[in-house]
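For ligands, and for the atoms within them, numbers begin at 1 and follow the listed sequence.
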Amino acid sequence: MTIIAPSILAADFSKLGQEIADIEKAGADWIHVDVMDGHFVPNLSFGPAVISSVRNATALAFDVHLMISQPERYIADYAAAGADRITVHLEACTHLHRTLHQIKDLGLPAGVAINPATPISLLEPVLEDVDLVLIMTVNPGFGGQSFIPYSLEKLRELRQRLTARGLSGVHVQVDGGINASTASLVRQAGANVLVAGSYVFGNESPSAAISSLR
Ligand code: DX5
Ligand code: ZN
């Protein structure tokens, strides 16, 4: 079953709690929270206080994607704010193995994300340690960008490596430029968790948009 995780980066921030409640009604499975620090990526978004302020808007999982430098500094804060799973960028971690275990020691599933130019091979040493791998299908920082086609080769390679290692239970997530047409491509290539921001929140029928991604 494909998991659909709308990104609240594309939501109306003036009524964020209501937007989250509405997207749950529209059929979302997870709520994807794009955290940006203006350093690892050229944009700023949500601090832990914002996340805790909307935590009670839904019972859906908060899938927190930390696009921040030195994420080890904030993992406990996002966990306390209500994160149900936390993903960090390989490129942002000096000690990735330690940081992933910092998340798991808090009792949360740990994810690792890689940017478009980062090869799958760099993930090999941590594939046994993660619950999820996020392949960025745009350069991180902004919603509404175009899907990078080379992502499909990375998806296929990742699925092959996971299957060969007996790790087919690891979630393979994509994020950026996901719409009805790219969704079918990424599903065929091995993705089972799809993040979509502008396609869902910008749609006159978010429920139809979510259904079209499955
Ligand atoms: C990083 C963000 C975006 C966002 C999805 O830039 O992670 O990818 O979630 O944006 P859309 O779905 O609008 O491309
Ligand atoms: Zn994201």
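Ranking the protein heavy atoms by distance from atom 14 (O) of ligand 1 puts Gly177 N, 2.8 Å first. Looking only at protein heavy atoms, the nearest one to atom 3 (C) of ligand 1 is Asp175 OD1, 3.5 Å. Of the protein's non-hydrogen atoms, Gly143 CA, 3.4 Å is the one closest to atom 10 (O) of ligand 1.
Residue Met136 places no N or O, backbone or side chain, under 3.5 Å from any N or O of ligand 1.
Geometry note: the Zn ion (ligand 2) is the vertex, His32 NE2 and His65 ND1 are the arms, and the angle is 110° (rounded to 10 degrees).
Counting heavy atoms closer than 4.0 Å to ligand 1, residue Ser7 contributes side-chain atoms (C-beta onward) but none from N, CA, C or O. Residue contacts with ligand 1 for Val138 involve side-chain atoms from C-beta outward but no N, CA, C or O (heavy atoms, distance under 4.0 Å). Neither the backbone nor the side chain of Tyr199 comes within contact range of ligand 1; no heavy atom lies under 4.0 Å.
Listed by number with element, the atoms of ligand 1 under 4.0 angstrom from any heavy atom of Ser198 are 11 (P), 12 (O), 13 (O). Heavy-atom contacts of Ala196 reach the following atoms of ligand 1: 12 (O) (cutoff under 4.0 Å). Atoms of ligand 1 lying under 4.0 Å from at least one heavy atom of Gly176, given by number and element, are 8 (O), 14 (O). Which parts of ligand 1 touch Pro140 is read off a 4.0 Å heavy-atom cut-off, strictly below it: atoms 1 (C), 6 (O).
For the ligand labelled ligand 1, residue Gly141 lies inside the 4.0 Å heavy-atom shell.
The nearest non-hydrogen atom to atom 9 (O) of ligand 1, considering only Leu194, Asp34, Leu9, Val35, comes from Asp34.
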Start with the C-alpha gap between Asp129 and Arg98, add the side-chain angles, then the distance that decides, and say whether salt bridge (charged side-chain N to carboxylate O under 4.0 Å, His left out) holds.
CA-CA 10 Å; Asp129 299 284; Arg98 176 188 291 154; over 6 Å; no

Sequence neighbours left out, cut at 3.5 Å: what donor-acceptor pairs do the side chains of residues 109-123 make with other protein atoms?
| from | atom 1 | to | atom 2 | distance (Å) |
| --- | --- | --- | --- | --- |
| Asn115 | OD1 | His89 | ND1 | 3.3 |
| Thr118 | OG1 | Glu91 | OE2 | 2.5 |

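In this structure Asp29 satisfies the salt bridge (Lys or Arg N to Asp or Glu O under 4.0 Å) test together with Arg214, sequence neighbours excluded.
Looking at Asp34 and the Zn ion (ligand 2) together, the shortest N, O or S contact belongs to OD1. Of all the N, O or S atoms in Asp175, the one closest to the Zn ion (ligand 2) is OD2.
Taking the six-membered ring for Trp, Phe62 and Tyr78 have ring centres at least 6.0 Å apart.
With Glu128 contributing its side chain and Pro125 its backbone, the two residues share no donor-acceptor pair below 3.5 Å.
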